[in-house]
Asker: 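Take a look at this one; I'll ask things after.
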Number of protein chains: 2
Amino acid sequence: MSETDDLPSPPGSFEALRLQLMARRDTLPKRLAQVAAYAIENPDDVALSTASSLAARAHVQPSTLVRFAQVFGYSGFADLQAVFRERLRDRVPSYEARLSALADSAQEATASGLLFDGFADAAEHSIKGLRSRLRPDQFDEAVEVLAGAETIYLIGQRRSFAVSSYVSYLLGTLGIKHVLVSSPLRNDVEICKFANERDAALAISFTPYTLSTIDSAKIIAEHGARLVVITDSPFSPLLTHARSWFEVVETDFNGFRSLTATMTLSMTLAVAIANARRERSA
Amino acid sequence: MSETDDLPSPPGSFEALRLQLMARRDTLPKRLAQVAAYAIENPDDVALSTASSLAARAHVQPSTLVRFAQVFGYSGFADLQAVFRERLRDRVPSYEARLSALADSAQEATASGLLFDGFADAAEHSIKGLRSRLRPDQFDEAVEVLAGAETIYLIGQRRSFAVSSYVSYLLGTLGIKHVLVSSPLRNDVEICKFANERDAALAISFTPYTLSTIDSAKIIAEHGARLVVITDSPFSPLLTHARSWFEVVETDFNGFRSLTATMTLSMTLAVAIANARRERSA
DNA sequence: CCAGTTTCGGAATTTATATTCCAAATTTGA
DNA sequence: TCAAATTTGGAATATAAATTCCGAAACTGG
């Protein structure tokens with residue numbers, strides 16, 4: 001290439017570079033685009049790694065990183081990396097400061113900003129609440145039940161369906177045999193009749209309890225499978241059949257309850273089940 | 001010195017190292033104490049500088065830094081620096097790190113408790129991150145697009161399906177006409193063809209992007225409906241067709257990403273759409 | 001104040017890392 | 001479809017960094 005090429009702009013700040021990357025995203029050759037995507041998604045990694053380890057993670061050659069940097073006007077990778085490091089330096093001291101700045105600026109926030117803040121507060125509060133309430137032994141108990149099962153039946157409708165479908169996704173990626181009993185609208189009661197005493201079920205339900213969720217859980221329990229329940233009250237009708245249960249109280253904001261504590265708990269369950277299985281087979 | 005010297009403890013976490021430094025501060029030789037003071041006061045600098053530039057700023061020789069590291073049980077400066085870099089990385093400490101920190105602190109906690117704490121930290125961190133990144137104007141833009149639509153198409157598979165099914169539930173209770181294009185396993189492409197220019201779509205997808213999600217979004221956009229996207233990178237292929245988009249970076253813990261920030265954002269969107277509709281009709 | 005011991009500074013060495021270069025592969029334009 | 005231009009992978013090289021080593025200096029205890 002001729003030396004009259006474009007090297008007008010070695011962006012000096014992370015934000016400037018970020019804009020450039022986005023602007024030129026479509027005109028960049030394949031590997032360079034790959035690097036650009038990786039760099040934006042893992043800026044910390046770019047700041048702290050060596051060129052070769054970074055190259056390996058982004059599935060390119062070290063030399064590609066150097067070329068990438070040069071295309072954007074830097075003299076080499078080190079030069080580019082300096083920008084990412086600068087960002088890291090600034091951020092850490094300002095991290096706490098940003099939180100308080102956020103509180104200050106809440107005054108001139110828009111309506112939708114307030115809405116988001118409210119839901120975000122509710123989410124954080126829910127998680128904090130679950131944190132203080134969750135007892136490790138009850139957790140271990142539930143994991144034992146579910147990890148010992150041949151097939152895990154997942155029950156949850158309406159808002160709980162989001163959670164059970166997520167658990168289904170996680171168990172799928174973890175290679176754990178399971179059945180998602182619920183569809184968004186109703187449960188497949190026929191499927192529940194296949195359960196036996198080697199199986200277990202995870203039922204998730206909050207007030208007002210959906211009838212078919214209770215029915216499905218009951219059928220599965222009557223077929224001998226053990227039942228783990230996530231619910232919001234010790235008076236939940238699901239508990240009659242439960243072997244082990246969690247009380248999760250989601251914080252309410254404007255009449256809508258967060259789902260984050262339930263999601264976080266379920267996620268932990270899924271991974272803990274996989275860990276327990278791995279230990280058993282080892 | 002004899003080789004039976006103390007090298008029992010190369011602290012694995014920044015906090016552990018910090019404790020050691022403070023404990024041994026008074027028994028350390030002059031230059032080493034000097035380094036210790038500098039390191040505690042400028043941890044970012046230690047993480048990001050080279051040994052020699054650091055040495056210059058702390059007014060010691062590079063070799064002193066190496067000795068300093070070795071006195072604390074590390075093999076050399078690079079080893080010590082790794083601890084400072086780990087602290088800087090924007091992710092919650094890994095499960096393994098928590099386990100070893102646990103061993104040091106002699107605190108009582110179970111393995112599954114640590115797992116839950118990790119996911120809970122990741123969830124809170126994700127929400128904090130979104131809070132600081134979210135711009136009210138982009139939010140208003142997205143709400144306008146979606147609130148103005150006759151029908152809202154919801155697209156999201158795999159992990160994102162949990163979110164879009166949740167949005168579907170919320171929109172349902174709010175009485176807002178919508179279609180859930182995705183099932184847990186695939187998208188119903190036929191349904192996308194019914195979209196027209198009075199409609200809008202909300203597509204949710206994260207790396208690695210599911211092909212049929214991209215296809216569905218494309219078809220809907222080509223039929224004239226406006227597209228709002230929630231994704232984790234400005235390089236997401238979905239953005240080609242997007243009218244408005246959100247970047248949501250979920251924090252990773254042990255290879256699993258939280259979903260809470262996305263859930264919280266989606267929840268806010270759903271309620272904001274309902275509010276906007278109410279204002280219009282009033 | 002002196003011998004033994006520890007600590008320190010700085011040059012020499014080793015190791016790791018970024019960079020360059022060129023042939024092979026791929027893409028682009030005609 | 002083919003030739004020209006661009007892009008890429010990977011080995012070779014240059015550069016920069018960490019580490020070692022050893023003589024000199026500074027402490028320590030008697």
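Below, read A as the first sequence line, B as the second, and so on, with proteins coming before strands; counting in each chain starts at 1.
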Asker: Just compare D/dA17, D/dT7, C/dC8 and give me whichever is closest to any side-chain atom of B/T50.
Answerer: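 My answer, after comparing the listed nucleotides, is D/dA17.
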Asker: Mind checking A/S63 for me? I need base, sugar-phosphate or nothing, with any heavy atom below 4.0 Å counting as a touch.
Answerer: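 A/S63: base contact, heavy atoms under 4.0 Å.
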Asker: For A/H59 and D/dT7, give me the distance from atom NE2 to atom C1', rounded to whole Å.
Answerer: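 To the nearest whole Å, that distance equals 20 Å.
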Asker: Without decimals, in angstroms, what is the distance between B/D79 CG and C/dA16 C1'?
Answerer: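 Result: 14 Å.
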Asker: From CZ of B/R67 over to C1' of D/dT20, roughly how many Å is that when rounded to an integer?
Answerer: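 Rounded to whole Å, this separation is 11 Å.
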Asker: Strictly below 4.0 Å, N to O, side chains only: are B/R257 and B/E250 in salt-bridge contact?
Answerer: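 Judged by the 4.0 Å cut-off on N to carboxylate O distance, B/R257 and B/E250 do not form a salt bridge.
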Asker: Of the nucleotides C/dC8, C/dT19, D/dT8, which has the atom closest to the A/K30 side chain?
Answerer: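 The nucleotide sitting nearest to the side chain is D/dT8.
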Asker: On the nucleotide D/dG9, are OP1 or OP2 found under 4.0 Å from the side-chain N or O atoms that A/T64 carries?
Answerer: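 A/T64 to D/dG9 OP1/OP2: side-chain N or O found under 4.0 Å.
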Asker: State whether A/Q70 places a side-chain N or O below 4.0 Å from either non-bridging phosphate oxygen (OP1 or OP2) of C/dT20.
Answerer: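 Checking C/dT20 against A/Q70, a side-chain N or O does come within under 4.0 Å of OP1 or OP2.
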Asker: Provide, to the nearest angstrom, the distance between the CG atom belonging to A/L65 and the P atom belonging to C/dT19.
Answerer: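 So the CG-P distance, A/L65 to C/dT19, works out to 10 Å.
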Asker: Pick the nucleotide of DNA chain C nearest each of B/T27 and A/F77; which residue has the one closer to the 5' end?
Answerer: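 Result: B/T27.
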Asker: Quick one: is B/Q61 getting a side-chain N or O under 4.0 Å of the C/dG10 phosphate, OP1 or OP2?
Answerer: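 Affirmative; the distance criterion is met.
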Asker: With distance as the sole criterion, is a donor-acceptor pair present between the side chains of B/S258 and B/T260 under 3.5 Å?
Answerer: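 Short answer, yes.
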Asker: Look at the side chain of B/P29 and decide which nucleotide, out of C/dT19, C/dT7, D/dG9, has an atom nearest to it.
Answerer: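 Taking heavy atoms from C-beta onward, the closest nucleotide is C/dT7.
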Asker: Does a side chain donor of either B/Q70 or B/S75 reach within less than 3.5 Å of an acceptor in the other side chain?
Answerer: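 Looking only at side-chain atoms, B/S75 and B/Q70 do not form any donor-acceptor pair under 3.5 Å.
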Asker: Any side-chain to backbone donor/acceptor pair from B/S13 onto B/A16? Under 3.5 Å, distance only.
Answerer: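 Yes, because the side chain of B/S13 sits within donor-acceptor range (under 3.5 Å) of the backbone of B/A16.
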Asker: Could you work out which one of D/dT19, C/dG9, D/dG9 sits closest to the side chain of A/R31?
Answerer: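 Among the listed nucleotides, the one closest to the side chain of A/R31 is D/dG9.
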